[in-house]
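To keep things clear, I will list the structure first and then write my remarks on it.
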Amino acid sequence: MTNKIYYLASCDTCRKIIKSLPNSDKLEFHDIRQNPITEAALEEMHSLSGSYEALFSKKAQLYKSMDLKNKSLTEADYKKYILEHYTFLSRPVFIIDDKIYIGNGQKNIIEVIKALS
């Protein structure tokens with residue numbers, strides 16, 4: 001399996017993280033705006049993370065503007081929203097050696113750097 005990163009090229013945080021990575025040439029890059037997430041890719045992420053909610057960004061502007069925080073979302077809802085609009089994917093998402101790393105938390109990025117070293 002190829003090591004991958006799903007990110008947004010226009011996101012400053014994603015760019016900063018990518019710059020800090022060792023051996024980033026070993027990653028297959030997927031800009032989720034240019035190449036929307038496929039259902040197959042999302043299924044792979046789901047099988048590694050165990051839930052669509054774990055992949056879902058509650059920081060997204062659309063989450064607030066659609067007032068989703070006041071709705072009871074199911075796993076099927078999270079999946080549907082992520083497939084409908086890239087902004088709902090918590091990013092970046094790394095898949096390295098069959099392990100998934102979701103989001104830009106410092107602890108997570110330290111784990112990614114270790115995995116790539």
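Hydrogens, waters and symmetry mates are skipped; everything else that's a heavy atom, side chains included, is used.
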Over all atoms of both residues, closest heavy-atom pair of Phe94 and Ile109: CE1-CD1, 4.2 Å
Heavy-atom side-chain contact between Ile32 and Tyr7 under 4.5 Å: no
ILVMFWY cluster, Ile113 and Ile100 together (side-chain gap under 4.5 Å): no
Exceeds 12 heavy-atom contacts within 6.0 angstrom, atom NZ of Lys16: no
Distance-only side-chain donor-acceptor flag, Glu28 / Tyr6, under 3.5 Å: no
Non-hydrogen atoms of Ala54 and Ile102 that approach each other most closely: O-CG2, 3.5 Å
Validation row: Tyr81, Tyr52 side chains within 4.5 angstrom (heavy atoms): no
Point-to-point distance, once rounded to the nearest 0.5 Å, from CD1 of Ile5 to CD1 of Ile18: 4.0 Å
Ion pair Lys80/Asp77, N-O distance below 4.0 Å: no
Distance (rounded to the nearest 0.5 Å) between Ile82 CD1 and Glu53 CD: 10.0 Å
Atom of Glu43, atom of Lys79 and distance for their closest heavy-atom approach: OE2-NZ, 2.8 Å
Between OH on residue Tyr101 and CG on residue Leu116, distance to nearest 0.5 Å: 8.0 Å
Other residues, nucleotides, ligands: >12 heavy atoms within 6.0 Å of Lys107 NZ: no
CD1 on Ile37 to NE2 on His85, rounded to 0.5 Å: 11.0 Å
CG-CZ distance between Leu55 and Arg91, expressed to the nearest 0.5 angstrom: 13.0 Å
Nearest heavy atoms of Arg33 and Leu8, plus distance in Å: CB-CD1, 3.6 Å
Hydrophobic cluster membership, Ile110 vs Leu27, 4.5 Å side-chain cutoff: no
OG-CZ distance between Ser24 and Phe29, expressed to the nearest 0.5 angstrom: 4.5 Å
Closest approach of Tyr63 to Ser57 (non-hydrogen atoms, all atoms of both residues): CB-O, 4.3 Å
Hydrophobic cluster membership, Tyr78 vs Leu68, 4.5 Å side-chain cutoff: yes
Intermediate values then yes/no, salt bridge (charged side-chain N to carboxylate O under 4.0 Å, His left out), Lys4 and Glu44: CA-CA 11 Å; Lys4 302 171 190 157; Glu44 178 187 18; 3.0 Å; yes
Connected via hydrophobic side-chain network under 4.5 Å: Ile95 and Tyr86: yes
Shortest non-hydrogen separation from Asn104 to Lys59 and the atoms involved: OD1-NZ, 4.4 Å
